[in-house]
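Have a look at the structure below before the remarks.
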Amino acid sequence: MDTTIAAISTNNIGSSAINIVRVSGKDAIKIVSSVFTNKKLETAPSHTIHYGYITEGKEKIDEVLVMLMRAPKTYTTEDTVEINCHGGYLTTNKVLETLLTHGAVLAEPGEFTKRAYLNGRINLLEAESVSDMLEARTESQSKMAMQGLTGKTTALISNLREKMVELLANIEVNIDYPEYTDELIITKENITPVLTEIKKELEKIINESKNGQLIKNGINIAIVGRPNVGKSSLLNAILEEDKAIVTDISGTTRDIIEGVITYQGILFNFIDTAGIRKTDDIVEKIGVEKSKKMLEQADFTILVLNNNEPFTSEDQELLKSIDPEKGIIFINKIDLETKLNLNQNKLAVLRGSTISKEGIEELKDKILSSFALKDIATKDLTYLSNTRQISLAKNALENIKHVISENEKDVPVDMLAIEIKEAWENLGKIMGEYYEDELVDNIFVRFCLGK
Amino acid sequence: MEYEIIVVGGGHAGIEAAHIAAFKGHKTLLITMNKQNIGDMPCNPSIGGTAKGIIVREIEALGGLMGKIADRSHFQIKMLNNSKGPAVRSLRAQADKVIYPKNMLKALEETENLDILEGMVEDLIIEDNVVKGVILENTQTIKAQIVILTTGTYLKANILIGSENTESGPHGERRSNYLSDNLKKYGLEIQRLKTGTPQRIKASSIDFSKMHEENGDDCLWTFSFDEPATYKPNEQQKCYLIYTNENTHKIILNNLEKSAMYGGYVTGVGPRYCPSIEDKLVRFKDKERHQLFLEPESLYYDEWYLQGFSTSMPRDVQEKMVHSLEGLENAIISKYAYAIEYDAINPLQITPTLESKIITNLFTAGQINGTSGYEEAAGQGLIAGINASLKIEQKEPLILKRNEAYIGVLIDDLVTKGTQEPYRMLTSRAEFRLILRHDNADLRLRELAHQKGTITDQQYQNYLNRKKALEEGEKYLRQTKLKITSEIKEIFIQENKTVPVVTESLFDLLKRPEITMNFLKNFIEIPFTSDIEEELEIQIKYEGYIKKTYKEVEKMTKLEEKQIPKDIDYQKVKNLASEARQKLEKVRPISLGQAARISGVNPSDLSILSIYLKKEYGKYEQK
């Protein structure tokens, strides 16, 4: 980290009125001073704002306000300068280029945050939250990212780890002081209730975090059905209604996303089930098998049936592959004669028409309500917010479940301790830190034994 | 007079250092103040205990003396933690305080190449930061290529009983007045530590009828891998369990400021894990009683050791305290409890071979390095003796890894983290304890010992025999199948065990937690000795957990293999947190793995260091 890095820190540089170029590193102040007309900058006190021009040779590039922040009270803990540019895209880029020719290096994505982490200002969880925050596209997303920043998630996890340490401490004391029978002796019987409680809490965190992920990444929705039942018209109907807030998805999402809307603060990602927007010719070539594969990636599935046609074995096949908790049947074309002889009670059914838009609003409501996201979007958003965190929490949960079952089989407590400790470490890794010593120190403060 | 190796101090560290150096053929001198005090046990009358018992087995595997001498000298032995799992099982012997030192002295006197001299070392001969020998109190000088200091608690020792403060080593022995000052002069950092010992009680004055008996195990155990047990289980001596009571607590709390500790007479730092009784009461006010154990010191004199009652109270208060205990109402205290303060060095100034970073060819081991306990001392003494010898032989040193031995954990902790209080080994300090077991110490270490020349051919052969027996045993278990007859089925059902559906090998059956070798013996012959049986049962039954541990070991080893060049200049590593930089400069870790264990070196510091190493030294030097 010998280099001084610079980058444009605002998004949408084309359209926004002010753009910020951020410079961080040991030469940040020197480099900016060398292209800044206001010569007081180099000696000015920290956390002050200065007016002047960024120049290249004799050419004035932009009229700017420069914020001077000296180490260590900055985001990266290094000397940092932020230049508020007033010009548009071209000018801001020019300012950046000028800095780069005067000794700054273009920052890699996330490098400011990486420096903040490496310089010990924030922990890994906080670092991740910052990147979540920067990428947040909806309000609930940014709310969730804020929670990470304020350390609420940390508190939640720490509390669980504390419970594990308590149990471990007791086990360890029993082992290291075997003849002190006055201390609580951890046995098969008293281990299970503690672990069961930890298990429940972990499950809760993970489940809610999955919902949290939905908030962050959106709900992946698949629309499936036989050809010509109206899948693409349904998608168009949904997207069109929200034309104003259709997100520009090019480059920001994976290819399989066919369309995105924001509904009550939550992203709905319609995934491309066999190219539903493409021509029916192609669709016909895509078999049921492929549709099923798509379903695996979906958080929610809409099975579209044609009111005007009888129920087929193909429909039955699709119906079978849908999770009843996370799916719905949309019977399209109710303006036409009912020939559909549907007889099932697996999925909820909604009737409507993509032409009259009947049932569309209701459909969106149904999707949302099947995730109980409304509460999350408005209330206490204490969740693990990315895949790394959730998978660590899941590992910890697996550890705990395994310990519970091993305990039932009379595996000695010494072995169980190994896996409880593993669970404890997994949770520690969520915050990007765990210290062996922390455990050892914790163990003996509460006991008093020995000579 | 000139020696290859001089060992200063005849305690548990000095014994092992001197013995192994002489065994390896080096002309060795052991200097002690009093020959009769060689192998003395100034505190508890036992060898082993949790974790410590495993250290004794490791000493035994590496060719040391402590284990076999304890086997010949105890009057009670038991396996601790039998029910809590194989990794934490550990032997403890009540060693006779008369017999143990006697047997030890005999063993040393029978060791070739070893001379024993009575005297007090007060200074070292140092030339250009290299030690060349020792200077005795009477100004006599003795030269040597290597000096090993194992001075125990004798450096500037003070004994504290209430406000009484006497300049003295344990048992009223003379202390060393000048050696620690001289070490300081040569650049070693000196710290003041404290420990303590409880009262000794006249056996004839104890009413044992009110106490709970603690017996030895009803079977034969040895620390040794080479010598059979010689005792008779039913002739073992009993110990007793008693409790403090409300009255005891009242006496202690009312007199707190009279104790050396709470009266402010002590400057040394005591071990957290062996607190005095007043510490226990102050820290845990709500506890109604504390456990105490009465243990005989020897069968040859009638003093009993009152474990758990260590204190620095004045004598009159100690009288009241002891008399408040049930069964000790009329007890006669033959020795009062005392606290002892002494000088120790800062172990951050020694390398993993136990050589000083400040003075070349000077090794230190035992309490001088900041540890507590006979076994911890002996383990270090052994390693110091081995490494001193290997240095003279110009061979690679023996550095035991954390996944190889408790002794490795102990030394790594000392030289990486330092210690602010006497360091006691605990099973919880060993992250890989599942593979550092009592039963497999020979399997872990004898090959190494053989390579380094620290065991006899016979000892090596014993290990090879056991290894072969294990291989054959495993083969037998894999090949032998248990056919489930209706009779056998019946027994499974009676014992509440799931009946196997198909014919399974004994090996597969043993994988089930509820099926033990003992249970299988009901139907089928298991032709192994008990140690082979135990070993195989553990390996089979806990295979999953053992594998998991090895995975963790692998992770550590990767970091361990990333060596840090000895000449690294931490000032040049930009962006290290200042605490991390200081610690790294002090410890000078040999690998990224060791660096990671230094408290105050955070993950981000490690990333920075690792990036710097890559940039500056290309690929890490691989081992």
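In what follows, chains are A, B, ... by sequence order, proteins preceding strands, each numbered from 1. Atom set for the values below is all heavy atoms of this structure, side chains included, hydrogens, waters and symmetry mates excluded.
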Exercise for review: Find the one option among Gly49(B), Ala87(B), Ser83(B) whose heavy-atom pairs under 4.5 Å with chain A are most numerous.
Suggested key: Ala87(B)
Against chain A, label [X] side chain, backbone, both or neither, depending on which of its atoms sit under 4.5 Å from a heavy atom there.
{"X": "Lys541(B)", "value": "neither"}
{"X": "Tyr243(B)", "value": "side chain"}
{"X": "Arg289(B)", "value": "both"}
{"X": "Arg92(B)", "value": "side chain"}

**Study point:** Side-chain ion pair, Lys52(B) and Glu376(B), N-O less than 4.0 Å
**Key:** yes
Point to revise | Any residue meeting side-chain hydrogen bond (donor to acceptor under 3.5 Å, both in side chains) with Asn403(B), in chain and number order, not counting sequence neighbours | key: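 Result, side-chain hydrogen bond (donor to acceptor under 3.5 Å, both in side chains) vs Asn403(B): none returned.
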**Study point:** chain B contact via Ile418(A) - which portion, at a heavy-atom distance below 4.5 Å
**Key:**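 For Ile418(A), the side chain is the part near chain B, not the backbone.
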Check your understanding: Looking at Tyr423(B), is Arg429(B) sitting on its ring face, NZ or CZ under 6.0 Å from the six-membered ring centre and within 45 degrees of the normal?
Key ->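 Flagged: Arg429(B) positioned over aromatic ring of Tyr423(B).
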Check your understanding: If only atom types and distance count, is the side chain of Thr74(A) paired as donor or acceptor with the main-chain N or O of Met69(A) below 3.5 Å?
Key -> no
Practice item. May I ask you to test the Pro513(B)-Glu406(A) pair for a side-chain heavy-atom distance under 4.5 Å? Key: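 No, every pair of side-chain atoms sits at 4.5 Å or beyond.
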